[in-house]
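The block underneath contains the structure these notes are about, expressed in structure tokens.
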Protein chains: 2
Amino acid sequence: MTTRDRRRRVTIADVANHAQVSTTAVSKVIRNAYGVSPAMRDRVKAAIDELGYRPHAAARAMRGRTFTIGVMLPHIRNPFFADILDGLNAQLDDTGYQAIMIQGGATQKAEAPAIDALVDRQVDGILMISPLAPRARLEAVGREIPTVVLGRHERSAVYDAVFDDDEAGAELVVNHLIGLGHRRIAHITHQDNSTARPSDLLHIIRAETYERVMREHDLAAEIAIATTYYTEEGGYDGAQQLLARSRRPTAIFAGADQAAFGALAAVHEAGLAVPGDISIAGYDNTRLAALPNIAITSIDQDGAVMGHTAARLLLERIEGRTSAVRFSVTPSLVPRRSTAAPPPQDG
Amino acid sequence: MTTRDRRRRVTIADVANHAQVSTTAVSKVIRNAYGVSPAMRDRVKAAIDELGYRPHAAARAMRGRTFTIGVMLPHIRNPFFADILDGLNAQLDDTGYQAIMIQGGATQKAEAPAIDALVDRQVDGILMISPLAPRARLEAVGREIPTVVLGRHERSAVYDAVFDDDEAGAELVVNHLIGLGHRRIAHITHQDNSTARPSDLLHIIRAETYERVMREHDLAAEIAIATTYYTEEGGYDGAQQLLARSRRPTAIFAGADQAAFGALAAVHEAGLAVPGDISIAGYDNTRLAALPNIAITSIDQDGAVMGHTAARLLLERIEGRTSAVRFSVTPSLVPRRSTAAPPPQDG
DNA sequence: ATGAAAGCGCTAACAA
DNA sequence: TTGTTAGCGCTTTCAT
């Protein structure tokens with residue numbers, strides 16, 4: 001049983017008093033601003049240390065910077081985002097900037113307030129990872145705050161874009177499977193309620209590329225898409241749908257590793273072997289995909305590089321850059337044991 | 001090529017002007033405060049909608065609430081934290097509170113500024129998940145801001161605690177393995193640089209319980225602990241260390257599923273079968289542990305319940321509760337295919 | 001080089 | 001019920 005401590009926090013005024021200088025001087029010192037003598041600096045720094053002063057971010061937000069980068073990500077369960085965050089945080093280290101994250105969730109309805117929350121908290125820069133928001137909203141945010149959008153393909157004049165060449169990646173997977181001799185190749189894609197232009201969304205690009213490549217190999221009749229989610233449950237459900245078809249696929253290309261994990265479970269549960277009966281491929285090359293008893297063929301798109309590039313672009317914008325930059329990583333195929341030639345009778 | 005839009009945001013004053021009322025009236029309406037006539041309310045709400053006004057969180061922070069819950073978590077890669085966050089967000093839904101997350105990292109040195117960042121941003125409540133900070137720091141934060149600590153066992157008068165009965169959980173695992181006939185049971189634990197009292201940290205409790213139960217079954221001579229990390233890499237390294245021992249264990253109890261995944265990989269790579277040669281058990285019962293081709297025996301501690309309880313406690317404290325609450329979940333064993341009797345010659 | 005003072009957008013006494 | 005006003009802690013002109 002206690003009462004909340006109502007002792008005021010140490011403020012810039014306390015420091016100024018203690019050091020017998022003006023608050024202006026203290027402010028300049030903590031911002032490394034121009035026009036403070038070394039003596040003044042030392043004196044103030046000593047007072048700061050003695051009093052354990054830390055600037056009050058909310059107060060700063062009203063005049064200057066918050067030294068905060070806001071990251072909107074759909075959900076923390078996808079391990080690919082952890083790769084991105086690792087890259088981002090590594091780049092932010094020792095810059096004085098802190099990254100805060102907020103979950104956008106699976107719908108535009110849930111995402112909108114999450115983005116608002118970041119804007120309302122006056123972050124100095126925003127990274128949106130695979131946002132569902134309409135393009136106009138991204139532009140509006142980008143006009144107000146330095147912004148990087150990761151995972152969407154549209155061009156913008158007001159924010160930077162970091163993305164993977166999803167078309168190339170999907171092509172690698174489908175060609176790989178076709179090269180192994182598969183014809184009945186199915187795809188699991190992600191359902192969204194976005195109002196973004198479809199061709200700007202990565203899961204749409206992956207799905208459309210799958211269809212295109214299939215057609216180019218005269219496999220239009222074999223096209224089979226399950227539209228669920230890029231999650232374990234989604235992959236599980238999607239695979240079950242696909243397995244229930246009269247012409248069962250011999251290979252499943254899941255648009256994300258997360259979905260591939262679920263698909264793997266469904267295939268196992270159906271009493272089928274991977275890759276003996278069915279080959280499975282994913283996308284993102286998450287660390288889990290590399291585990292020996294998962295060993296899923298996947299597409300690597302180097303999340304760490306994407307994350308650290310995003311951070312760099314954000315810092316550049318905060319420093320004043322206004323021209324838009326687009327950064328794209330080239331994906332590569334990482335073949336593993338989950339893909340092999342189809343069973344003889346199905347070849 | 002654009003210039004940043006310097007159009008001021010809509011403020012409470014703009015709304016007041018537009019509605020021809022005072023800023024106080026607007027403030028009261030947005031806070032649902034006492035003493036506004038229905039007519040006034042309607043008028044203000046209309047103005048808010050017309051202007052697209054949203055309160056400026058930073059400004060609010062200086063006087064009132066930020067409607068923000070800060071969550072410090074070690075790293076987003078651990079999927080168990082996703083369960084906790086799901087529970088938390090579900091409870092926060094429609095309360096007007098937004099959760100923001102910040103990564104604390106693996107060391108106290110990295111964690112300290114993360115916690116500071118939350119405090120400095122004036123969040124209304126803080127949830128710290130498995131923090132490494134010394135107890136005094138937690139108390140200091142708790143005195144300043146409503147706080148819930150998840151995953152540590154110490155009693156505090158100023159903050160609430162949500163935790164799992166780690167002793168019971170570890171006991172379940174070790175007894176399960178002993179019951180299957182194992183004697184050479186090894187453990188993988190987490191290395192930390194915390195200055196917290198060891199018995200307050202969950203990984204220490206799990207490790208000590210492992211030792212105690214081994215001793216109680218006259219297996220003191222078989223105790224083997226690899227101290228790495230509760231991560232995939234950690235589990236991988238730990239298992240390699242354990243496998244290199246002259247008396248190879250027949251079972252490995254990894255203190256967390258994440259580590260168990262890595263251990264699984266190491267065992268496979270060593271050409272050994274699970275559970276044929278070696279049984280593996282984890283902790284947390286993450287969804288991935290349930291995948292058929294991982295199928296790791298684990299301990300369930302219901303992260304969603306922990307998360308939603310944490311949110312509830314936080315909201316209660318924000319509403320004024322000052323007495324400390326402790327909430328503990330009872331863990332249960334989820335046996336899966338990764339654990340079985342040891343090979344005959346090793347029984 | 002240093003400091004006084006205005007004001008960022010909001011809340012909460014207090015007055016009317 | 002409604003409005004006036006004094007700050008919250010900080011940054012930033014602008015004097016000195």
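By convention in this document, chain letters (A, B, ...) are assigned in the order of the sequence lines, proteins followed by strands, and residues within each chain are numbered from 1.
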For A:Lys28 and A:Thr23, take the nucleotide of DNA chain C holding the closest heavy atom to each; which residue's nucleotide lies nearer the 5' end?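 On the 5' side of the pair lies A:Lys28.
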About how many Å separate [atom2] of [Y] and [atom1] of [X], when rounded to the nearest 0.5 Å?
{"X": "A:Met101", "Y": "A:Phe81", "atom1": "CE", "atom2": "CZ", "answer": "12.5 Å"}
{"X": "B:Ile69", "Y": "B:Leu314", "atom1": "CD1", "atom2": "CG", "answer": "4.5 Å"}
{"X": "A:Met306", "Y": "A:Phe80", "atom1": "CE", "atom2": "CZ", "answer": "5.5 Å"}

Looking at [X], does any N or O in its side chain come under 4.0 Å of the phosphate oxygens OP1/OP2 on [N]?
{"X": "A:Tyr53", "N": "D:dC10", "result": "yes"}
{"X": "A:Ser27", "N": "D:dT11", "result": "yes"}
{"X": "B:Arg60", "N": "C:dT11", "result": "yes"}
{"X": "B:Ser22", "N": "D:dG3", "result": "yes"}
{"X": "A:Arg31", "N": "D:dT12", "result": "yes"}

Between [atom2] on [N] and [atom1] on [X], what's the gap in Å once rounded to a whole number?
{"X": "B:Arg54", "N": "C:dG9", "atom1": "CZ", "atom2": "C1'", "value": "14 Å"}
{"X": "B:Ile30", "N": "C:dG9", "atom1": "CD1", "atom2": "C1'", "value": "10 Å"}
{"X": "B:Gln122", "N": "D:dC8", "atom1": "CD", "atom2": "P", "value": "13 Å"}
{"X": "A:Ile12", "N": "D:dT11", "atom1": "CD1", "atom2": "C1'", "value": "8 Å"}
{"X": "A:Arg65", "N": "D:dT12", "atom1": "CZ", "atom2": "C1'", "value": "14 Å"}
{"X": "A:Asp120", "N": "C:dG9", "atom1": "CG", "atom2": "P", "value": "13 Å"}
{"X": "A:Asp42", "N": "C:dA1", "atom1": "CG", "atom2": "C1'", "value": "15 Å"}
{"X": "B:Arg9", "N": "C:dC10", "atom1": "CZ", "atom2": "C1'", "value": "12 Å"}

The test is salt bridge (charged side-chain N to carboxylate O under 4.0 Å, His left out); show your working for B:Arg326 and B:Asp160 and say whether it passes. CA-CA 6 Å; B:Arg326 291 165 69 73; B:Asp160 300 331; over 6 Å; no
From the list [options], which nucleotide is the closest neighbour of the side chain of [X]?
{"X": "A:Met62", "options": "C:dG9, C:dG3, C:dT11", "value": "C:dG9"}
{"X": "A:His56", "options": "D:dG9, D:dT13, C:dC10", "value": "D:dG9"}
{"X": "A:Thr24", "options": "D:dT13, D:dA6, C:dT2", "value": "D:dT13"}

Assess whether salt bridge (charged side-chain N to carboxylate O under 4.0 Å, His left out) is satisfied between B:Asp14 and B:Arg9, documenting all intermediate values. CA-CA 9 Å; B:Asp14 298 329; B:Arg9 271 188 70 155; over 6 Å; no
Find which nucleotide of DNA chain D each of B:Met40 and A:Ala59 is nearest to by heavy atoms, and output the residue with the more 5' nucleotide. B:Met40
Students often get this wrong, so: under 4.0 angstrom with heavy atoms, is A:Ser37 touching a base, only sugar-phosphate, or nothing? sugar-phosphate
